[in-house]
Chemist: 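Below are the structure tokens for one structure; questions will follow.
Just so you know, these numbers use all the heavy atoms, side chains as well, and skip hydrogens, waters and symmetry mates. Since the model is a prediction, treat every value here as computed from it, not as a measurement. Just follow the structure's listing: the first ligand is 1, and inside any ligand the first atom is 1.
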Amino acid sequence: MISKKIEKLLNQQIDLEADSSSFYLAMASWAERSGYNGVSAFLYRHSDEERLHMLKLIKFVNERGGAALIPALKSPPINFKGVSEVFELLLKHEVKVSNEINKLVEHCLADKDYTTHNFLQWYVAEQIEEERLARNLLDKIKLIGSDKGGMYLFDRDLETMQPHADQGI
Ligand code: OFO
């Protein structure tokens, strides 16, 4: 059984994962409208993964005797200045998510909730991967600069790139 405090913190994390999913969905939609088919496909997949992260938390909270709260949808932005801004925002968002996961882990240790602590290790590892990938993509975008051919290849590469493979659900 999880404590009320941990239940509340996990529900906040559910909200943040839902937020990630709709933020990346908005980015995917913008990329699709802007002719970046590969970037768009990548971001649609990323959005789906974030929804799975949310589901995984919902199931855990309910299984541990808590009540998962299904978050209301917020409105993400409609337009972005370019691919570079999209990935800058994505990285910034992932860093925020990592910080929140780390805080959650700290609270679990302080509360001696080792079950939730163990469950959260999957998220800790996932955040390392997601941050690494976002940094890597941003580095590539910086290298490409204003080279249209480079951006064409970048977009093509993202068509099949996975945000991350194993969802562990
Ligand atoms: Fe849920 O991994 Fe990104 O935010």
Chemist: Considering all heavy atoms of both residues, which atom of Glu131 and which atom of Glu94 are nearest to each other, and what is their separation?
Modeler: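 Looks like OE2-O, 4.0 Å.
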Chemist: Would you call Asp113 and Lys5 a salt bridge, taking side-chain N to carboxylate O under 4.0 Å as the test?
Modeler: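 No, no charged N to carboxylate O under 4.0 Å.
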Chemist: Is the NZ atom of Lys81 crowded by more than 12 outside heavy atoms at less than 6.0 Å?
Modeler: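 No, the 6.0 Å shell around NZ holds no more than 12 heavy atoms from other groups.
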Chemist: Enumerate the atoms of ligand 1 whose separation from the nearest heavy atom of Glu94 is less than 4.0 angstrom.
Modeler: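 Reading through ligand 1 atom by atom, the close ones are 2 (O), 3 (Fe), 4 (O).
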Chemist: So which bit of Glu17 gets within less than 4.0 Å of ligand 1, heavy atoms only: side chain, backbone, both or neither?
Modeler: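 For Glu17, the contact with ligand 1 is made by the side chain alone.
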Chemist: Answer yes or no: is there an ion pair linking Lys4 with Glu7, defined by an N-O contact shorter than 4.0 Å?
Modeler: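 Salt bridge: yes.
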Chemist: Within ligand 1, which atoms have a heavy atom of Ser20 less than 4.0 Å away?
Modeler: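 Every atom of ligand 1 under 4.0 Å from some heavy atom of Ser20: 4 (O).
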Chemist: For His53, what is the atom name of its N, O or S atom nearest to atom 1 (Fe) of ligand 1?
Modeler: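 The His53 atom nearest to atom 1 (Fe) of ligand 1, restricting to N, O or S, is ND1.
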Chemist: So is Gln127 polar-close to ligand 1, meaning N/O to N/O under 3.5 Å?
Modeler: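 Yes; the residue has a nitrogen or oxygen that sits under 3.5 Å from a nitrogen or oxygen of the ligand.
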Chemist: Can you name the nearest heavy-atom pair linking Arg45 to Met161, along with the distance?
Modeler: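 Taking Arg45 first and Met161 second, the nearest heavy atoms are NH2-O, 2.7 Å.
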Chemist: Could you tell me, atom by atom, which parts of ligand 1 come under 4.0 Å of a heavy atom of Val97?
Modeler: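 Counting atoms of ligand 1 from 1, those under 4.0 Å from Val97 are 4 (O).
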Chemist: Select the closest option to atom 1 (Fe) of ligand 1 among His93, Arg51, Glu130, Glu50, judged by heavy-atom distance.
Modeler: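 Minimum heavy-atom distance to atom 1 (Fe) of ligand 1 goes to Glu50.
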Chemist: Salt-bridge test for Arg132 and Glu129: reply yes if a basic N is under 4.0 Å from a carboxylate O, no otherwise.
Modeler: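 The answer is yes: the pair qualifies as a salt bridge.
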